[in-house]
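The structure under discussion appears below in the form of structure tokens.
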Amino acid sequence: MDQTFEQEQRHLSETYAALVGLRNELIDEIETNHHGARQDLIDLSEEVRLNFGSDDETMETLAAIETLNSVIDTYNEYHDASVKKLGRVSLLLEQPYFAKVTLKMRPSRPAQDVYIGTQGMTDKDMSPLVVDWRSPIAETYYSQKMGAVSYEVNGHTRTVELRVRRQFDIVRDELRSYFDTTVAIEDSLLLEALRRRHSEKLRAITATIQREQNNIIRHEDVPVLLVSGIAGSGKTSVMLQRIAYVLYRQRKTLDAQQICLFTPNAIFSHYINAVLPQLGESNPYIYTWQGFLAHLGLSERNSGEEGDLARLALLSEAMDDLTLEPEDFRAIAFDGTTLLKPSQIEAAFNKYQQFPIGARRCALTAEKLHKSFERKISRMAHEDFWQEEMLSLDVDEQVSIFGQLVDPQDEAETVELTKDYLSHHFKNTYEQIESLSWLRIDRIGMRMLHAPALSAAEHLWLKMLISGHGAKGVRYVVIDEIQDYTPVQINVLARYFHGAHFLLLGDPNQAIHKESASWREIRQTFSAAGQLDECRLLTSYRSSPEITSLFASLLTRQERSSLTSVQQPGIAPDIHECGSDYLETLGKIVSEAKGGGGLIAIIVADRARVHWLGRQLPDDVKMLSADDSLPRQGIVLLDLALAKGLEFDHVIVADAQEEVYPNTELCRRRLYTAISRATHRVTIISQGRLTPLLRK
């Protein structure tokens, strides 16, 4: 009998019981708090009398309302904290922890066991049940060496002796197995995790983070961190773990809504959206390039991503000599009411001619426009029309706008309340002033470029040049598949998010578009944001050695020499060169693939081939579009651009003929990308002569 197994199962059972107890207590507390809050609010509400007969009575009424609001806020804060803690406990009940380290903290003290999980949790006595994987002491597990190890706490380095580094395979309160490990790349738990079937959602890799991945996840906070990783090296997982780590380390000052994540397409967004919630964190804002433009109201025009970088430079250079014409200004109006006329705005702008067109002049103009708007509101507040509209507000509208019921006693009070109502009614005007909606950016830009129209990228670039600012409140920007962004895109994003820290991840060998920025251009553009650190991931965790060897054959000899795979041997790639029997052979391959189970992808070069091949294949082959989610299993047909970042149990490259993949650098990268989507099997079929890239 394995005594260690029995001891660990006993500890797991005790921990699980403690977590169940915490869950039940929290549920009871939330329910009790809910009922108690309900009764308290009923009692307090009955004590509140809306009496505005005199100044003293008004003050008493307002004080009673304020007390009621304060009680509500207190209950809400307590409720939110309890619900959040309950969520963390619920996550741990699925897997209380995944690892343990035994540390000798001081020579005179006995060794201490530390259990590590996706969340941290303490018991009733505030003793740790489980330590969060992002905590400083957990670094001793991820450093992957025995003996003397160190970690930092509040800027101080602490050295301890690591005696045991143990990994667990746990489901709820059942210990399935454990492994005492020293070198993570040989870990049984890692290989078991990699053998598991594909899921329609990416899973957290917290239990199996490797040393090179951990170095990136826990890298110091620098203005720009550029990660270059081979296909299947876990870049996307590392990216999400890094976001979770940053949120944990800055949990008092950083919110997920201050992070923007750019993904290659909507399918990929669906694929990753469960990882951070698995780790108890909220998802940040997730954008594609098109989604980003739509957020800025620029989706109705040419995106400009493949535009000419020289046109952006021309706009920048032309700023020195730019002058605005009367027609470059537009009125600010809302709901049919003109609030600021173009002539007023032009006069305000021209008042600061001593400053060049740019951030300072726009800020001064905006400040003056705000004052003009407030004077306009003050005048309108004396008009009968607006006073009558204010007085006709129902009870709910009054409470929503004023925070209370109103009953003006004289003209002065009526004017003041009408002014407050108008400020609320026209509140979007403040944003219009700040966002420079009073300038005809397109008209100005077309004159500067002598062009009939501006692309979305050019419009945004010029607006940033004139206003001097881009995003507000964004502290971190994460861009996956950075190698597929064009020079125009990376310059626009670097400028728009100026002041944020960047995490950029990609693989130069997966740049599948001819317009993509080079790795050198990416470095140069983002290094302007400050210190740029670069890390590399050279181990493939996705594909079998046979598949890894096949896509590695498309790399240079030097690149191949540094690439490794940790997967166990699998099935050799299957390559077919067909003639008139192409569709018949493909049909047999698809039919056989169904019997193998899992998720199978038929990947072709472009959407035109997707539509053509979709008509030739059985109805149960699902054609994926950009807005779809991945199914758990079955056969999907998609183009290479949509396959970016995804992985499949079996990949069928269905158009590997020379005409589609000639011997060019771009096609080498495209074929490398298609093949490297496969985990267990890859089948390659050509309609005609096989690509020379694989003929050898």
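Counting from 1, the numbers follow the sequence of the chain as shown.
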Closest non-hydrogen atoms of Leu364 and Phe355, given as atom of the first, atom of the second and distance, are CD1-CE1, 3.5 Å
Work out which heavy atom in His219 is nearest to a heavy atom in Arg242; give both atom names and the distance.
O-NH1, 2.5 Å
How far apart are the closest heavy atoms of Ser467 and Cys362, and which atoms are they?
CA-SG, 4.3 Å
Donor on one side chain, acceptor on other, Asn509 and Glu559, under 3.5 Å:
yes
Between CG of Leu638 and CG of Leu646, what distance do you get to the nearest 0.5 Å?
7.0 Å
Going through the checks in order, is the side chain to side chain contact (heavy atoms under 4.5 Å, CB included) test met by Leu422 and Met390?
CA-CA 9 Å; Leu422 290 169; Met390 183 274 294; over 6 Å; no
Is the closest basic N to carboxylate O distance between Glu481 and Lys235 below 4.0 Å?
no
Between Arg361 (side chain) and Pro356 (backbone), is there a donor-acceptor pair under 3.5 Å?
no
Interatomic distance, CG@Leu436 vs CZ@Arg330, rounded to 0.5 Å, equals 10.5 Å
Hey, mind stepping through Asp533 and Gln531 against side-chain hydrogen bond (donor to acceptor under 3.5 Å, both in side chains) and telling me if it holds?
CA-CA 7 Å; Asp533 286 3; Gln531 176 187 344; 2.9 Å; yes
Arg301/Asp442 ion pair, N-O < 4.0 Å
yes
Does Glu434 use its side chain to pair, donor to acceptor, with the backbone of Glu431 at less than 3.5 Å?
no
Would you call Glu374 and Lys371 a salt bridge, using N to O less than 4.0 angstrom?
no
Identify the two heavy atoms, one from Ile377 and one from Ser423, that lie closest to each other, and give their separation to 0.1 Å.
CG2-OG, 4.1 Å
Taking atom types as modelled, is there a side-chain donor on Ser625 or Asp628 under 3.5 Å from an acceptor on the other?
yes
Closer than 3.5 angstrom, by distance alone: can the side chain of Ser516 be matched with the main-chain N or O of Gln483 as a donor-acceptor pair?
yes
Are a donor atom and an acceptor atom from the side chains of Thr673 and Arg670 found within less than 3.5 Å of each other?
no
Can a side-chain donor-acceptor contact be found between Asn214 and Glu212 if the only test is distance below 3.5 angstrom?
no
Measure up the Phe334 and Phe426 rings against each other and bin them: parallel (under 30°), tilted (30 to 60°), perpendicular (over 60°).
perpendicular
Salt bridge present between Asp328 and Arg440 (N-O < 4.0 angstrom)
no
Using modelled atom types and a 3.5 Å cut-off, is there a donor and acceptor pairing between side-chain atoms of Ser676 and backbone atoms of Tyr672?
yes
Interatomic distance, Leu312 atom CG to Glu317 atom CD [nearest 0.5 angstrom]
11.0 Å
Verdict with reasoning, Gln353 to Asn350, per side chain to side chain contact (heavy atoms under 4.5 Å, CB included)
CA-CA 5 Å; Gln353 290 182 354; Asn350 289 336; 3.5 Å; yes
If we count only N and O atoms by modelled type, under 3.5 Å, do the side chains of Trp438 and Thr365 hold a donor and an acceptor together?
no
In this structure, NE2 of His424 is separated from CG of Leu393 (nearest 0.5 Å) by 9.5 Å
Verdict with supporting geometry, Ile479 and Phe526, side chain to side chain contact (heavy atoms under 4.5 Å, CB included)
CA-CA 12 Å; Ile479 307 177; Phe526 286 100; 4.2 Å; yes
Supply the atom-to-atom distance Ser372 OG to Leu340 CG, rounded to the nearest 0.5 angstrom.
6.0 Å
Has Tyr285 got more than 12 heavy atoms of other residues, nucleotides or ligands less than 6.0 Å from its OH?
no
Heavy atoms only: give me the nearest Leu314-Met448 pair and the separation to one decimal.
CD2-O, 4.5 Å
Evaluate side-chain hydrogen bond (donor to acceptor under 3.5 Å, both in side chains) for Arg375 paired with Ser378, printing each intermediate quantity in order.
CA-CA 5 Å; Arg375 287 196 296 272; Ser378 296; over 6 Å; no
Quiz question: by atom type and distance under 3.5 Å, do the side chains of Gln258 and Tyr476 form a donor-acceptor pair?
no
Are Tyr245 and Gln250 linked by a side-chain donor-acceptor pair shorter than 3.5 Å?
no
Short side-chain to backbone donor-acceptor contact, His501 and Val222, under 3.5 Å
yes
Glu300 CD: over 12 foreign heavy atoms closer than 6.0 Å:
no
Residue pair Thr236 / Asp480, side-chain donor-acceptor N/O under 3.5 Å:
yes
Would you check if there is a donor-acceptor pair between the side chains of Trp519 and Gln524 at a distance under 3.5 Å?
no
Apply side chain to side chain contact (heavy atoms under 4.5 Å, CB included) to the pair Thr263 and Tyr287, showing each step before the final yes or no.
CA-CA 6 Å; Thr263 66; Tyr287 295 115; over 6 Å; no
Okay, side chain of Arg475, backbone of Ile259: is any donor-acceptor separation there less than 3.5 Å?
no
Under a 4.0 Å threshold between the charged nitrogen and the carboxylate oxygen, would Arg447 count as salt-bridged to Glu325?
yes
Side-chain touch Arg495/Leu465, heavy atoms, less than 4.5 angstrom
yes
Pair Gln409, Asp407: side-chain N/O donor-acceptor within cut-off below 3.5 Å:
yes
I'd like to know if Asp221 and Arg249 make a salt bridge, using a cut-off of under 4.0 Å between side-chain N and carboxylate O.
no
Whether over 12 other heavy atoms sit under 6.0 Å from Gln558 CD
no
Begin with the C-alpha distance, continue with both residues' side-chain angles, and end with the deciding distance and a verdict on side-chain hydrogen bond (donor to acceptor under 3.5 Å, both in side chains) for Thr288 and Gln290.
CA-CA 5 Å; Thr288 61; Gln290 289 295 340; over 6 Å; no
Between the main-chain N or O of Ser228 and the side-chain N or O of Arg536, is there a donor-acceptor pair closer than 3.5 Å?
no
What's the spacing between Met380 CE and Phe385 CZ if we round to 0.5 Å?
8.5 Å
Test your reading of the model: is there a side-chain donor-acceptor pair from Gln241 to the backbone of Ile217, 3.5 Å cut-off?
no
Given 3.5 Å as the limit, does a donor-acceptor pair link the side chain of Asp420 with the main chain of Phe402, or not?
no
Within the distance-only criterion (no hydrogens, no angle test), does the side chain of Asn283 pair as donor or acceptor with the backbone N or O of Asn273 below 3.5 angstrom?
yes
So Tyr421 and Trp386, would you call those rings parallel, tilted or perpendicular, with 30° and 60° as cut-offs?
tilted
Applying salt bridge (Lys or Arg N to Asp or Glu O under 4.0 Å), which residue pairs with at least one partner in residues 275-286 are found, sequence neighbours left out?
Arg134-Glu281
Tell me whether the rings of Phe268 and Tyr271 are parallel (<30°), tilted (30 to 60°) or perpendicular (>60°).
tilted
Quiz item: cation-pi between Arg251 and Tyr248, 6.0 Å / 45°
yes
Judged by modelled atom types alone, do Glu411 and Thr414 share a side-chain donor-acceptor pair under 3.5 Å?
no
Can you name the closest pair of heavy atoms from Met446 and Pro452 and give their distance?
SD-O, 2.9 Å
